[in-house]
Every structure is written in C-alpha cells, then in structure tokens.
4 protein chains.
Amino acid sequence: MLTGANIVLVGGDARQLEVIRKLTELDATVLAVGFDGLSTPLDGAVHAELDGQLFEDADALILPAVGTDDDGTVTAVFSDKQLVLEEAYIARLPKHCKVYTGMAKPYLKDLCAKYGIGLVELFERDDVAIYNSIPTAEGAVMMAIQHTDITIHGSTALVLGMGRTGQTLARTLRGMGARVKIGVRRDEHFARAYEMGFEPFYIKDLAAHAGNLDLLFNTIPTMIVTAQIIAQMPSRAVIIDLASKPGGTDFRYAERRGIKALLAPGLPGIVAPKTAGRIMADCLGRLLMEDLRLGREKR
Amino acid sequence: MLTGANIVLVGGDARQLEVIRKLTELDATVLAVGFDGLSTPLDGAVHAELDGQLFEDADALILPAVGTDDDGTVTAVFSDKQLVLEEAYIARLPKHCKVYTGMAKPYLKDLCAKYGIGLVELFERDDVAIYNSIPTAEGAVMMAIQHTDITIHGSTALVLGMGRTGQTLARTLRGMGARVKIGVRRDEHFARAYEMGFEPFYIKDLAAHAGNLDLLFNTIPTMIVTAQIIAQMPSRAVIIDLASKPGGTDFRYAERRGIKALLAPGLPGIVAPKTAGRIMADCLGRLLMEDLRLGREKR
Amino acid sequence: MLTGANIVLVGGDARQLEVIRKLTELDATVLAVGFDGLSTPLDGAVHAELDGQLFEDADALILPAVGTDDDGTVTAVFSDKQLVLEEAYIARLPKHCKVYTGMAKPYLKDLCAKYGIGLVELFERDDVAIYNSIPTAEGAVMMAIQHTDITIHGSTALVLGMGRTGQTLARTLRGMGARVKIGVRRDEHFARAYEMGFEPFYIKDLAAHAGNLDLLFNTIPTMIVTAQIIAQMPSRAVIIDLASKPGGTDFRYAERRGIKALLAPGLPGIVAPKTAGRIMADCLGRLLMEDLRLGREKR
Amino acid sequence: MLTGANIVLVGGDARQLEVIRKLTELDATVLAVGFDGLSTPLDGAVHAELDGQLFEDADALILPAVGTDDDGTVTAVFSDKQLVLEEAYIARLPKHCKVYTGMAKPYLKDLCAKYGIGLVELFERDDVAIYNSIPTAEGAVMMAIQHTDITIHGSTALVLGMGRTGQTLARTLRGMGARVKIGVRRDEHFARAYEMGFEPFYIKDLAAHAGNLDLLFNTIPTMIVTAQIIAQMPSRAVIIDLASKPGGTDFRYAERRGIKALLAPGLPGIVAPKTAGRIMADCLGRLLMEDLRLGREKR
Ligand SMILES: NC(=O)c1ccc[n+]([C@@H]2O[C@H](COP(=O)([O-])OP(=O)(O)OC[C@H]3O[C@@H](n4cnc5c(N)ncnc54)[C@H](OP(=O)(O)O)[C@@H]3O)[C@@H](O)[C@H]2O)c1
Ligand SMILES: NC(=O)c1ccc[n+]([C@@H]2O[C@H](COP(=O)([O-])OP(=O)(O)OC[C@H]3O[C@@H](n4cnc5c(N)ncnc54)[C@H](OP(=O)(O)O)[C@@H]3O)[C@@H](O)[C@H]2O)c1
Ligand SMILES: NC(=O)c1ccc[n+]([C@@H]2O[C@H](COP(=O)([O-])OP(=O)(O)OC[C@H]3O[C@@H](n4cnc5c(N)ncnc54)[C@H](OP(=O)(O)O)[C@@H]3O)[C@@H](O)[C@H]2O)c1
Ligand SMILES: NC(=O)c1ccc[n+]([C@@H]2O[C@H](COP(=O)([O-])OP(=O)(O)OC[C@H]3O[C@@H](n4cnc5c(N)ncnc54)[C@H](OP(=O)(O)O)[C@@H]3O)[C@@H](O)[C@H]2O)c1
C-alpha cells in the first residue's frame with residue numbers, strides 16, 4: 001500500500017486516469033494538475049494548481065507518457081491551461097522524490113540530473129515495452145485491415161525486428177492466419193522465430209525477401225526500408241512503420257513509387273488508452289511501493 | 001477453360017473486377033455492363049450497354065453480391081447510369097443460361113422461376129460462406145479495435161453462434177489473445193468449441209454469461225441480444241452485430257442503457273474487396289466450368 | 001439427479017470406474033458386475049453377480065466401450081470370471097430400460113431389436129466422437145514421436161479425412177509446429193481447412209501429395225492408402241492408421257516397401273483412460289437424466 | 001564450402017551421421033573413428049583408427065554430444081572398441097585446430113586449456129539450445145502422454161523456468177490445448193508469458209500454485225521442487241524434470257508421497273536423433289566455415 005505517500009501528477013490523457021485510479025486504490029494522496037476540464041469526478045484524487053509549493057512535499061512526481069516537450073511543456077488533454085514544468089519546480093522536489101514518466105526529452109533529463117533527482121522512464125523497461133507491444137500490435141493490425149483490400153489471413157507479412165514489439169506483432173499476425181516472415185540479426189532470434197513458426201531471415205538479406213510480400217511492418221528504429229528495398233517491392237505492398245519518429249522508411253521514395261507507406265507512432269494511447277493506462281498504472285504501483293519503502297528505510 | 005463461353009456481367013463494385021479478371025483468364029468472352037466510369041482498362045473484357053439483345057446469346061449472367069434490389073435495380077459503382085434488370089431481359093436468356101449472384105431478392109428469384117432460368121446464390125454455399133467469414137472476422141476485429149479503449153488481447157469476448165462465421169471469428173479472436181466464450185445450441189458444437197480451446201456455453205444460458213464480458217459479437221440472425229440480456233451487461237461492453245439486417249440486437253434498448261452497439265453488414269466488401277472478389281471469382285470459375293460442361297453435354 | 005434409478009453396469013476397464021463415480025454422484029443405485037478383482041472400494045456402487053434377476057428391475061444397462069464380442073462375451077479387466085450377456089438377460093429387461101454402450105456388435109444389436117429394447121451407442125454421437133478425438137489425437141502424437149527420428153515440429157504431416165478425428169488431429173499437429181496438409185472430399189471442408197491454416201487437398205489428388213511427407217495419419221475407414229499411394233511415398237515416411245479395423249492402409253505392401261505402418265486402434269482407452277472414462281460418464285449422466293425423466297413421464 | 005579441410009570425428013551416435021553427411025556435402029575430408037560397426041556406408045567419409053598421427057593434420061576435431069567422460073572415454077555406439085581421447089592426441093593437434101562438442105567435462109576442458117586448443121561447446125550457444133528445445137519439448141510431451149491417464153488438452157500444466165527450454169515447452173503444451181502456468185523470476189519474462197497467452201507467476205510464489213496442477217515440468221537446474229512444494233501437490237500430479245542431472249526435484253520425497261516423478265535427460269538424442277543431429281550438423285557447418293576461413297586468413 002501507499003498509505004501516507006504524497007504523489008503529484010501533472011498532465012496527461014485518458015491513460016493517467018487509470019494511474020490515478022490505481023494510486024488512490026493503493027491509498028496514496030494524489031494531487032492532480034491538468035484535469036480541471038474532466039467531466040467526471042477524479043476517483044479520490046484532489047485537483048491542484050501548478051505551483052511551486054506543490055512540489056515541496058512530493059514523494060513522487062508523475063508525468064505523462066511523453067514527460068515534457070523540449071521546452072518543458074506538459075501535454076494535458078483535460079485542461080485548457082498551458083502547463084510548463086519549470087526548473088524552479090524540480091528544484092523544490094525533496095531529494096528522495098523521483099520523477100516517473102514514459103519517456104523523457106533532454107529538457108527533463110537535464111533538469112533531473114542537475115538537481116540530483118531520480119528519473120524513471122517506464123517505456124525503457126523491458127516489461128512495460130512488452131506490455132505496450134500488445135496494443136501496438138493491435139493498432140498495426142487495425143491499420144493493415146483499413147489500408148489494404150485483402151485480408152491479413154493468407155497474406156505474406158514481413159516484420160522487421162524481433163525485439164519487444166516485433167515478436168508480439170509477429171505472433172498476432174500469425175494468430176490471424178498470415179504467413180509471417182521476420183527479419184532478425186541475431187542467431188538466437190533466428191532460432192526462436194523458427195521455433196515459434198515464423199519464417200526467419202537475416203536483415204542483411206532483406207532485399208531478397210522484398211519482392212514477395214503484401215504487408216511490411218517495421219520496428220527497427222533506423223533507416224532500413226530504403227529506396228533500394230522499396231524498389232523491389234510489389235506495388236500492392238503496404239508499409240506500416242512503427243519505429244519511433246522519423247521511422248525507418250524512405251517515405252519520400254515510397255510515395256514516388258506509389259507504394260502506400262504509413263508512419264504510425266503512439267498506437268497504444270490511440271487504440272487502447274485504457275489498457276495502455278493500466279500498463280503504466282500497474283507498473284507505477286509496483287515501483288512506487290518498492291521505491292518508497294526503500295526510500296523510507298534509507299531515511 | 002471457358003473458351004467459347006459468352007458471359008454477361010452486369011454491375012457491381014471492385015469485387016467484380018476480380019471476377020472479370022478470372023473469367024477472362026479462363027478465356028471466356030466477358031461482356032461487362034456498368035464499368036464505363038472505370039479509369040483503368042477492363043482486363044480483356046468488353047464494355048457493353050444494357051440491352052435486350054445482349055442476353056440472347058448469354059451462357060451465363062453474373063450479377064453483383066446483392067443481385068438486384070426489390071425493384072430490379074442493379075448497383076454499379078463504376079457507372080453513373082441507372083441499371084435495371086428488366087423482365088424482358090430475363091425472358092430473352094437461353095434456357096441453358098444460369099444467373100449467378102451473391103444473394104437474390106424476391107424480384108430476381110421470381111423472375112428466374114417464371115422463366116425457368118437457373119439461379120445460383122453463391123453466398124448460400126457453405127464453402128463461399130466459410131471463405132467470406134475470414135474478411136468478415138477481420139472487419140469485426142477492426143471494429144472492436146476502433147470502438148473499445150482496451151485491447152482484444154486479454155479481453156473476454158463472447159461470440160454468439162458457431163456457424164460458418166462464428167467459428168472463424170472465435171478462432172481469430174483467440175489467435176489475438178482474447179478469452180473467447182462461444183454460445184451454441186448443438187452438443188457437437190459444444191464439444192468442438194471445447195476441443196478448439198474456446199469456452200462454450202448453451203445459448204439458452206446466455207443471460208448467465210452476459211454479466212462478464214468486454215465484447216459481444218453476434219452471428220445469430222434472430223433477436224437474441226434482447227433487452228433482458230443487455231440489462232445484465234457491464235456498461236463498458238461493446239456489441240458488434242454481424243447478423244444480416246436487422247441484426248439480432250435490441251439496438252434501441254442498448255442505446256437507452258448507454259451501451260455501444262453496432263450493426264456491421266457487408267464487411268467483406270468493405271475491408272477486403274479484393275479478397276472478397278477473389279472468393280467469388282474462384283467459385284464462379286469452378287461452377288461455370290462445371291455447369292457449362294454439363295450444359296454442353298446435355299444439349 | 002438420478003435418485004431412485006436402478007442401474008446395472010457389466011464389465012469394462014478403468015473407464016467404467018469414472019462412469020460409476022459419476023452415476024453414484026448423481027445418486028443412482030449402481031449394481032456393478034465384473035469388478036470383484038478391483039483393489040480399491042467401488043465409490044458407492046454395489047458389487048453384483050451376473051444373474052438373470054439382476055436385470056428385472058434395471059432402469060438402464062451399461063456395457064463397456066465395446067459392448068459384447070460376437071458371442072456375447074463382455075470384457076472385464078477387473079475380474080477373472082467370464083461374463084456372457086445371455087439372451088435370457090436381455091429378455092428380462094423391463095421395456096423402459098435402455099442399453100448403453102460405446103459401440104455394439106451385431107450380437108447385441110440383434111438381441112435389443114428382438115426384445116424391443118432401446119440401444120444407445122455413445123461413440124456414434126457426434127459430441128462423444130469429438131471429445132474422444134482429443135485422446136485419439138494425443139495417442140497419435142505419442143506414436144509419431146516414438147516411431148520417427150525427427151520432430152513433429154517442422155515435419156510435413158498429412159491427415160486423411162476431416163471428420164471428427166481428422167480435424168482435431170490436424171489442429172493438434174499444427175499446434176505443435178507441423179506443416180499440416182489435410183485430405184478432404186467436400187468443398188466446405190476444403191474451405192474450413194484453409195481458414196484454420198491447414199493446406200487442404202482433395203482426397204482424389206492424394207497421389208500428387210504422397211511424394212513429399214514425413215508422417216501420414218489416416219482417419220478414413222476405407223482402403224485409401226493403397227499400394228499405388230505407398231509406392232510414391234519417401235522411404236522415411238511413417239504411416240499411422242487410426243481408422244477402425246482393418247484400417248485404410250495396404251499394410252502388406254507397406255511392409256514390402258520397408259515403410260513403417262502402424263494400425264492404432266482404441267487410443268483413448270490406452271493413453272487417457274481417465275479422460276476417456278469421463279467423456280463416457282458425462283455423456284451417460286446427461287442421457288440417463290433425460291431418458292429416465294422422459295421414461296417416467298411416459299409411464 | 002569446406003574444400004581442403006581435414007576433419008577428424010571421433011565417436012557418437014546416430015546424430016553424428018548427420019554431421020558426417022553435412023560435412024562431406026560441404027566437401028570436407030572427414031576421417032571418422034568409431035563407426036566400424038555401422039551396417040551402411042559412411043556417405044563419403046573415411047573410416048579411421050584412433051591413432052596419434054590422425055590428429056597431426058586435423059583442422060577440426062569433432063566429438064559427440066557429451067565430449068568425453070571424466071576419464072577421457074568417448075562413447076561410440078557404432079563400435080565395440082573402447083575409445084579414449086588421450087592427452088597425447090590433444091598435444092599433437094595443430095594450434096589452429098579447434099575441438100567441437102556438445103558439452104565438455106573437466107577432463108576435456110583441462111586438456112584443451114593446457115595445450116591452448118580452442119574448445120567450442122555447441123549446447124552452450126543460445127541458438128543451438130533453442131533448436132534443441134524443440135525435440136526436448138516433444139520428448140516431454142511424449143512422457144506426459146505415457147505417464148498420465150488424462151489428456152494434455154484440458155490439463156493444468158506448470159512449467160518452471162522460461163529460458164530456452166521452458167518457453168518452447170510452454171508453447172507446445174498450449175498448442176495442444178493445456179492451460180499453461182509458467183514460473184519465472186524476471187519481470188520481462190512475466191510480461192512475455194502474459195503476451196504469449198500463458199499464465200505467469202513468480203517462482204517465489206510456487207507454493208501457492210502447487211495445489212492445483214496435473215503436470216509439472218521443471219527446467220530450472222537447481223533444487224526447486226522441494227519436499228514443501230511436493231507436499232502441496234495433488235496425488236494425481238506427475239512431475240517431469242528436464243533440468244540436467246540431478247534435476248531440480250526432491251525425488252526421494254516424491255516417491256514417499258506416492259507422486260510420480262521422472263528425471264528425463266537427453267531427450268533430443270532419444271526422441272529425434274535425426275533432428276538433433278541436423279541441429280548439430282547445421283551449426284557445425286556454419287561455424288567451421290567461419291572458423292577455418294578466419295584461421296586461414298590469420299595464418
Ligand atoms: N508505433 C508505436 O506505437 C510504438 C509502440 C512501441 C514502440 N515503438 C517503437 O518501435 C521501435 C521498436 O521498439 P521495441 O520496444 O520493439 O524495441 P527493441 O526491443 O529494442 O527492438 C528493436 C529491434 O530492432 C533491431 N535492430 C535495431 N537496430 C538494428 C539494425 N541496425 N539492424 C537490424 N536490426 C536492428 C533489434 O535487434 P537486436 O535485438 O539484435 O538488437 C531489435 O530486435 C522503437 O522505435 C519504439 O520506439 C512504437
Ligand atoms: N456482417 C457481415 O459482413 C456478414 C458476413 C457474412 C455473414 N453475415 C451474416 O451473419 C449471419 C451468420 O452467417 P453464417 O454464415 O455464420 O450462418 P450460419 O452458418 O447459418 O450460422 C448461424 C448460426 O446461428 C445459429 N442459430 C440460428 N438460429 C439460432 C437460434 N434461434 N438460437 C441459437 N442459435 C441459432 C446456428 O446454429 P445451428 O448451427 O445450431 O443451426 C448457427 O450456428 C447471417 O445473418 C449472415 O447473413 C454477415
Ligand atoms: N484409433 C482410435 O483410437 C480411434 C478413435 C476414434 C475413432 N477412430 C476411428 O477413426 C475413424 C474416423 O472416425 P471419425 O469419428 O473421425 O469419423 P468421421 O467423423 O465420420 O470422419 C471420417 C472422415 O472420412 C471421410 N471419408 C469417409 N469415406 C471417404 C471416402 N471414401 N473418401 C474420402 N473421404 C472419406 C469422411 O468424409 P466426409 O466428411 O466427406 O463424409 C470424414 O471426413 C473411424 O474408423 C473410427 O472408428 C479410431
Ligand atoms: N532433458 C533434456 O533432454 C534437456 C534438453 C535441453 C536442456 N536441458 C536442461 O534443461 C535445463 C534448462 O535449459 P535451458 O537451455 O532452458 O536453460 P536456460 O535458458 O538457462 O533456462 C533456465 C531457466 O531457469 C531459470 N532459473 C535458473 N535458476 C533459477 C532460480 N534459482 N530461480 C528461478 N529461476 C531460475 C532461468 O531464469 P532467468 O532467465 O531469470 O535466468 C531460466 O529461465 C538445463 O539444466 C539443461 O541442461 C535438458
């Protein structure tokens with residue numbers, strides 16, 4: 001339980017409502033900034049204004065999926081006010097307080113480093129990335145259904161990368177009846193893909209596989225679907241690029257060749273905000289219980 | 001092969017392009033009415049005008065998925081002209097000529113009966129219905145992803161009916177990681193569902209299962225998701241009704257209770273027109289070869 | 001419940017212990033013949049001797065999986081005595097009493113017909129056949145693992161017949177990672193097999209598929225794996241024939257060609273007697289409740 | 001290709017025949033010791049006697065799955081002679097020659113270290129361990145079918161460890177229709193197991209899960225299925241321990257409690273020697289091509 005813990009939560013979207021629900025369930029005191037426009041009550045949390053004093057007693061500061069932008073602005077879909085996480089606020093956080101967010105831009109990283117405040121990026125964690133891969137895969141499936149005139153069942157789908165997202169996506173597509181080829185670079189991923197019933201190939205041989213596919217899903221965050229690769233692809237092919245911006249596809253060339261190519265960031269928050277929120281909430285619940293217990297012991 | 005066969009094709013959408021492609025591949029002479037607005041050439045078929053004479057030499061008449069409406073009008077998305085299949089046309093068809101369509105309204109059925117013309121409804125065939133169940137299931141999946149804030153993976157999904165569509169849908173949902181309960185009325189469907197890893201229940205016990213579900217998919221073409229059932233459902237539930245119009249759901253009551261309920265007809269043509277077209281084309285190819293061979297032998 | 005029902009159970013193996021357990025649970029009076037050698041107590045049933053009077057008050061007579069042999073002998077693995085179901089016994093059964101067994105030989109069928117006694121063959125029921133297909137498939141899997149030097153995963157396995165056993169076996173093999181080709185004769189089975197991710201072919205084209213396979217499983221109860229087919233098969237192939245005796249394989253020719261071919265009858269009772277017993281017990285429980293209720297209403 | 005390479009292969013079973021086949025296919029010169037009793041010819045390899053000179057020109061020395069025993073003896077199922085890998089032999093190997101085996105005992109490790117000879121243990125490689133997990137899982141499945149009276153389908157199966165073997169086994173059991181609970185210790189394994197449709201739990205909570213299971217498969221190579229755990233298990237449970245000798249089960253206590261517990265080492269070589277041999281052969285082929293090319297470049 002988080003009884004007695006003072007948690008400040010700033011900004012966010014529907015996902016943060018799941019976080020608030022979880023933390024109040026665990027009996028924490030939650031002060032929520034940026035939810036003034038919400039039509040429903042706040043499940044046991046207290047509305048608060050962004051104000052330096054707020055930070056002085058915080059045991060934890062929770063920011064949304066993308067913590068701040070490059071200038072410190074925090075997105076808040078349930079508020080019209082502009083929220084900026086100023087340096088002064090971080091400066092006032094007690095030393096045992098940590099900042100939790102999905103991923104942090106340099107602005108936030110630098111501030112935390114400067115003031116010796118612990119920063120936890122949830123999306124960097126393997127477990128969170130794996131849980132998030134599920135809504136990501138479903139978002140990719142939805143796009144594939146929307147943007148092709150064929151079924152996924154019976155199609156030949158290439159998945160590039162067998163990391164946390166690629167493996168889930170490959171399994172999902174196969175569960176729907178696609179023939180799944182997966183591009184890997186490690187021998188053990190090749191072996192695991194074979195065991196799981198995919199058709200593995202080494203990414204260095206991608207060109208040899210580009211000629212025969214209906215769907216290409218990329219999860220590798222580097223330029224991998226180059227003009228040379230696209231040149232080999234059949235014109236019916238559709239590219240869905242999941243890698244973080246700017247993706248791994250030569251979109252300009254794809255357009256020139258008339259091949260549909262879509263960059264699809266942030267799918268969990270779009271297709272399954274409640275699930276995505278619960279993933280963050282469950283992880284935060286566990287981490288806070290652990291961190292605050294340890295913190296208390298140390299103090 | 002269909003060498004020498006004279007085939008008249010009237011109206012339709014992208015699916016009929018697959019049919020035309022297939023039949024010309026099989027070397028038939030295809031006279032296509034209602035494709036004048038098409039921007040690309042017609043793959044070996046000949047554009048024709050709707051005219052009584054056209055029907056005199058026809059070995060087969062092919063109409064779209066829904067043959068005609070109640071007044072004989074044939075839908076043609078690639079033409080601005082209104083196409084009406086007049087009685088006089090059917091009257092001029094040679095006796096060995098059959099009419100092929102997805103499903104026929106009474107208008108068409110009556111005319112064919114009156115003039116002793118064979119009528120083949122493709123969607124009535126078990127094999128076609130099973131092939132079509134694949135794009136139908138993917139359409140249902142797409143809608144579930146779009147209209148919920150959770151993932152299909154990990155959700156509890158009820159499928160009502162274990163016919164041609166229900167079985168495919170259940171398998172697809174399970175392949176994506178849902179917990180699938182399936183409502184049946186036959187003992188052997190109960191057994192098969194258990195064997196396939198679903199959780200079967202008897203439709204008569206539906207009320208007992210309505211309280212715990214995230215998604216309800218109906219394939220039973222009769223009023224089955226009644227107000228009493230909807231009253232038991234959690235408010236987060238989403239109903240996707242696939243049964244032919246008017247569906248099997250009390251939509252009025254669902255709306256009153258604030259439960260999202262969607263009627264989703266014609267999914268194959270919407271989410272995968274090319275696959276849906278190929279299903280029709282492949283079946284038509286086989287049937288025409290068989291029927292015309294038999295016809296010739298008899299004459 | 002079966003309170004007040006008088007049930008005579010003659011002979012059988014471990015499977016009947018599950019039947020006895022179920023029926024006594026349902027509060028029936030069970031008189032069991034042929035369990036005198038059992039080392040454990042009989043879960044609420046009463047040991048009885050085979051004797052004409054026993055049959056006079058019977059509401060139901062339960063025989064084992066294979067009711068009697070051609071001369072009326074009933075197998076009883078837990079007894080040294082020879083049990084013969086004499087005509088005189090059947091003659092003494094009350095008219096409302098039915099005989100329940102797995103499958104009946106002509107001896108039993110003729111007697112029941114002669115005395116107007118209802119005869120229920122459980123294994124003929126679709127639901128029972130489907131439930132039994134599960135241990136059958138696992139038995140076939142066990143034999144394939146034992147009798148090959150390769151893994152099922154990655155092998156090419158042919159399943160002949162997509163009936164109650166064939167479909168389950170195909171699903172099981174695919175779940176283990178085999179490439180499964182399935183031989184069917186109906187268009188709708190072809191479609192369903194495609195939908196389920198198998199590679200269907202028409203049985204009439206079997207010869208064309210015999211050249212490339214590791215495992216062949218037959219479920220078609222007629223001579224289908226003929227010398228001509230076996231002649232095409234690679235010498236590494238292993239044939240596992242599940243069809244009821246004498247199977248559908250030319251075993252003599254297979255031996256001559258040095259191809260391992262195994263007839264594998266009665267797998268459920270061998271590999272999973274408890275599961276097989278429960279399948280019979282559950283079905284009997286439901287049937288008896290229904291039949292005795294109806295019987296009572298009629299009388 | 002391995003043209004010009006001199007490869008000495010000593011001892012082994014059917015698996016090594018696949019290795020010989022592969023290496024001669026790659027055009028290596030293979031000198032095989034310990035195959036004199038083989039009834040079939042040696043696929044392009046040459047029979048040789050164990051003799052110091054043999055080793056002087058070797059580019060690679062290949063030993064069986066278990067290289068030597070603690071005294072240097074090499075198992076050779078196709079020979080009656082006793083083969084001992086003497087220190088003098090290793091001493092005569094050229095410096096660029098490496099020794100390849102499945103796993104090495106201290107005897108072999110020490111000798112290689114002493115003479116500066118590279119030693120490659122194939123079974124330590126992730127990819128080889130994953131490929132081998134497939135026949136291991138099938139062997140475990142076979143044992144479960146043989147040693148229970150229920151089906152795997154519908155059973156509750158616990159898998160301990162989600163390493164290379166555990167993951168494959170869990171997937172295989174689920175593919176057959178078991179309810180699979182998997183014991184892990186890492187958060188990311190918990191997440192991946194959830195994504196794959198297993199029910200994960202933390203190994204530290206094993207006791208809480210021991211009460212409700214039919215099958216327990218252990219892959220953790222440490223004492224994990226202790227008397228305390230076994231004490232909680234239902235008496236019908238069967239334990240199949242795959243961890244390397246002495247396994248992770250208190251076998252003595254299991255026996256006392258009358259719970260069937262089986263240690264099952266070396267399954268790949270037992271249930272699928274050909275597949276197991278090909279795994280070694282494919283890996284050796286790739287490694288030798290790489291190593292000998294590098295070796296040549298360096299020299
Ligand atoms: N669109 C969305 O909604 C969404 C959601 C979640 C994640 N993402 C993004 O998706 C991407 C993948 O995320 P993840 O969690 O799956 O990451 P991950 O687990 O690190 O997987 C990335 C994969 O790419 C491979 N890779 C990296 N560089 C490569 C190269 N040069 N050549 C070949 N392979 C290479 C890695 O191979 P190794 O394993 O061999 O290193 C790994 O398998 C990230 O950009 C992430 O931000 C997007
Ligand atoms: N939305 C779309 O895009 C789309 C696409 C294809 C089909 N459909 C429609 O979906 C529906 C199902 O098609 P289908 O091909 O799956 O048909 P189907 O094979 O006949 O299946 C219908 C199922 O409903 C069950 N059923 C019928 N009446 C029942 C009742 N009173 N109580 C309980 N169960 C009942 C049947 O049970 P038994 O097996 O016991 O008879 C059968 O399993 C039809 O209305 C069809 O027009 C819609
Ligand atoms: N070994 C065991 O332990 C065990 C256990 C259970 C059953 N069995 C035996 O296995 C066999 C199959 O049982 P089942 O319950 O699966 O029966 P089933 O449902 O009737 O299936 C038999 C299949 O064979 C097909 N078939 C029959 N004659 C054919 C022919 N001439 N050409 C092509 N296909 C043909 C049928 O096709 P259609 O569907 O088109 O009619 C059907 O799909 C039976 O002999 C049964 O006694 C053995
Ligand atoms: N019987 C056979 O035929 C056969 C065939 C192949 C392998 N094996 C044997 O099977 C065993 C597993 O092989 P593998 O290739 O799967 O190895 P592996 O990939 O290392 O997997 C071992 C698993 O055990 C877990 N583990 C180890 N110590 C633990 C502890 N104290 N508490 C909780 N979990 C622990 C590891 O967890 P972490 O991932 O968190 O480290 C890992 O998931 C080995 O003993 C191997 O020799 C036997």
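The model shown is predicted, which means the values in this text are computed figures rather than measured ones. Labels below follow one simple rule: chain letters A, B, ... track the order of the sequence lines, proteins then strands, and each chain is numbered from 1.
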Inter-residue atom distance His189(D).NE2 - Ile130(A).CD1, 0.5 Å rounding:
8.0 Å
Region of Tyr194(D) in contact with chain A, defined by heavy-atom distances below 4.5 Å:
side chain
Can you see which heavy atom on Glu188(A) is nearest to which on Asp126(D), and at what distance?
CB-CB, 3.6 Å
Most heavy-atom pairs under 4.5 angstrom with chain D, which of Ile134(A), Thr168(A), Thr172(A), Val128(A)?
Thr168(A)
N/O donor-acceptor pair under 3.5 Å between Arg192(D) side chain and Arg164(A) backbone
yes
Taking NZ, NE, NH1 and NH2 as the nitrogens, is one of them in Asp187(D) or Arg125(A) under 4.0 Å from a carboxylate oxygen of the other?
yes
